Amino acid sequence: PTGRGALGYTSFRPEADRYQMYKQDYKNEIAMGLGGRAAEEIIFGDVTSGAYSDIQSATETAKRMVTLFGMSEKLGPRRFGSDQNEVFLGRDFSSNADYSEAMAAVIDEEIHAIISEAYDRAKSLLATHIGKLHFIAEYLLGHEDMDGDQFKAVMENEFVTVEMIEAIAAEKEKASREANEKKKAAEEAKKAREAARKKKLEEKEKHWAELDKRDAEKAKIIIPLFSLIATDFPRVRPHRKLFVGPTGQLDSSRRVRRY
């Protein structure tokens, strides 16, 4: 209702990375893309230009199915044209034809058949679930968006109310808020641990700095004292003196120190 740059669009987000798709997957994608156009025709009995990009995407997908992927039952597993994106002298060679005009007409028929089948399927599904179509439209008018879980709940439950869909959104919002709070608490705890570690490291550095300062003050006293002792007292040297041993003989092997 308020608008976000577009009146509406169809986007596909795969649940997992896929490197290849089946033919039915492409058909489903085209049918989903044409759902908005089909809804216009069913509800209003007329169509607008709003589905321009959806029609363009559906046409490109169907063309790749026929000309590149060999998914046409009539033409078989054959490649037609080239997908090289080259432009020369204003002429687009992205679809260089290597087939006759008659074959080009058959290709157009196959592309048209794929798109028509998907469009008819989209209209059939919407007509079958017309009540859910109105419910979703009314919900979007009041809430502007509906996520995948809410849409799935609408389609899987026979009886659904706005309160049920709002409860799903509220529960997801609560879970998201709790997850954010948990994440914030974990970050704060990490910051507290880092601060404690930093403080402990600073205290150790301060302690060692005080020890270094104390040792420096001691050195200021001890070094001059040793210098004073070395200059004021004679050098200590060994001195030999005669002693009388227990047997009465002279013993000159013992030494004493004289200061």
Side-chain angles (χ1 to χ4, degrees), residues 1-75 77 83 95 107-162 164-166 168-169 172:
T2 59
R4 295 182 179 177
L7 295 176
Y9 58 91
T10 304
S11 62
F12 303 95
R13 185 177 64 181
E15 296 180 356
D17 293 335
R18 293 187 298 180
Y19 299 97
Q20 60 184 12
M21 293 174 60
Y22 289 99
K23 179 179 179 179
Q24 190 59 46
D25 293 332
Y26 285 112
K27 287 186 175 182
N28 293 339
E29 186 177 296
I30 294 172
M32 286 187 286
L34 296 176
R37 176 62 174 265
E40 283 183 344
E41 185 175 348
I42 293 173
I43 302 301
F44 304 113
D46 200 355
V47 294
T48 69
S49 60
Y52 164 77
S53 61
D54 296 330
I55 295 174
Q56 181 182 18
S57 177
T59 304
E60 291 175 354
T61 300
K63 184 177 180 181
R64 289 199 303 270
M65 292 174 63
V66 175
T67 61
L68 299 180
F69 305 147
M71 293 181 177
S72 169
E73 295 180 0
K74 182 180 293 187
L75 298 176
D83 59 347
S95 58
I107 292 173
D108 288 339
E109 290 176 0
E110 288 296 284
I111 294 173
H112 177 73
I114 291 174
I115 295 176
S116 297
E117 179 186 352
Y119 187 65
D120 292 340
R121 182 186 175 199
K123 288 197 299 182
S124 175
L125 288 172
L126 289 174
T128 303
H129 303 283
I130 190 67
K132 296 184 182 298
L133 173 62
H134 286 291
F135 177 86
I136 293 172
E138 291 294 332
Y139 184 87
L140 291 175
L141 285 173
H143 299 78
E144 296 200 5
D145 54 24
M146 174 184 288
D147 64 19
D149 293 333
Q150 292 173 310
F151 182 82
K152 187 177 180 180
V154 172
M155 299 305 298
E156 291 182 349
N157 292 278
E158 185 176 357
F159 300 100
V160 64
T161 62
V162 174
M164 292 173 57
I165 305 305
E166 289 176 343
I168 295 174
K172 294 182 71 173

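The structure displayed is predicted, hence computed values, not measured ones.
- For Ala153, the side chain to side chain contact (heavy atoms under 4.5 Å, CB included) criterion is met by Asn157, Ile165, Ile168, not counting sequence neighbours.
- For Ala62, the side chain to side chain contact (heavy atoms under 4.5 Å, CB included) partners two or more places apart in sequence, or in a different chain, are Ile30, Ile111, Ile114, Ile115.
- Taking both residues in full, the closest heavy atoms of Phe135 and Val160 are given as CE1-O, 3.9 Å, listed atom of the first, atom of the second, then distance.
- By the salt bridge (charged side-chain N to carboxylate O under 4.0 Å, His left out) test, Glu117 pairs with Lys27, sequence neighbours left out.
- With sequence neighbours excluded, the residues that form a side chain to side chain donor-acceptor pair (under 3.5 Å) with Ser72 are Glu110.
- For the atom pair CZ of Arg64 and OG1 of Thr61, the computed distance is 4.5 Å after rounding to the nearest 0.5 Å.
- Partners of Glu158 under the salt bridge (charged side-chain N to carboxylate O under 4.0 Å, His left out) rule, at least two apart in sequence or in another chain, do not exist in this structure.
- Under the rule for a side chain to side chain contact (heavy atoms under 4.5 Å, CB included), the partners of Thr67 that lie at least two apart in sequence or sit in another chain are Lys63, Phe80, Ile107.
- Under the side chain to side chain donor-acceptor pair (under 3.5 Å) criterion, Asp108 pairs with no residue, sequence neighbours left out.
- Side-chain atoms of Asp25 come within 3.5 Å of backbone atoms of Tyr22 as a donor-acceptor pair (strictly under, hydrogens ignored).
- Residues in residues 125-140 take part in these side chain to side chain donor-acceptor pair (under 3.5 Å) pairs, two or more places apart or across chains: Tyr139-Gln150.
- Taking Phe151 as the reference, Ile136, Met146, Met155 meet the side chain to side chain contact (heavy atoms under 4.5 Å, CB included) condition, with sequence neighbours excluded.
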Which pairs would a plain distance check flag for residues 36-44, meaning a side-chain donor or acceptor within less than 3.5 Å of a matching protein atom at least two apart in sequence or in another chain?
{"from": "Glu40", "atom 1": "OE1", "to": "Thr48", "atom 2": "N", "distance (Å)": "3.0"}
{"from": "Glu40", "atom 1": "OE1", "to": "Thr48", "atom 2": "OG1", "distance (Å)": "3.4"}
{"from": "Glu40", "atom 1": "OE2", "to": "Thr48", "atom 2": "OG1", "distance (Å)": "2.6"}
{"from": "Glu41", "atom 1": "OE1", "to": "Tyr119", "atom 2": "OH", "distance (Å)": "2.3"}

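- With rounding to the nearest 0.5 angstrom, the CZ atom of Arg121 is 11.5 Å from the CG atom of Leu126.
- For Asp120, there are no side chain to side chain donor-acceptor pair (under 3.5 Å) partners two or more places apart in sequence or in a different chain.
- Glu156 pairs by the side chain to side chain donor-acceptor pair (under 3.5 Å) definition with nothing, not counting sequence neighbours.
- Taking CZ of Phe69 as the start and NZ of Lys23 as the end, the distance is 13.0 Å to the nearest 0.5 Å.
- Residue Glu29 holds its CD atom at 10.5 Å from CG of Leu34, rounded to the nearest 0.5 Å.
- Environment of CD in Glu73: sparse, with no more than 12 heavy atoms of neighbouring residues, nucleotides or ligands closer than 6.0 Å.
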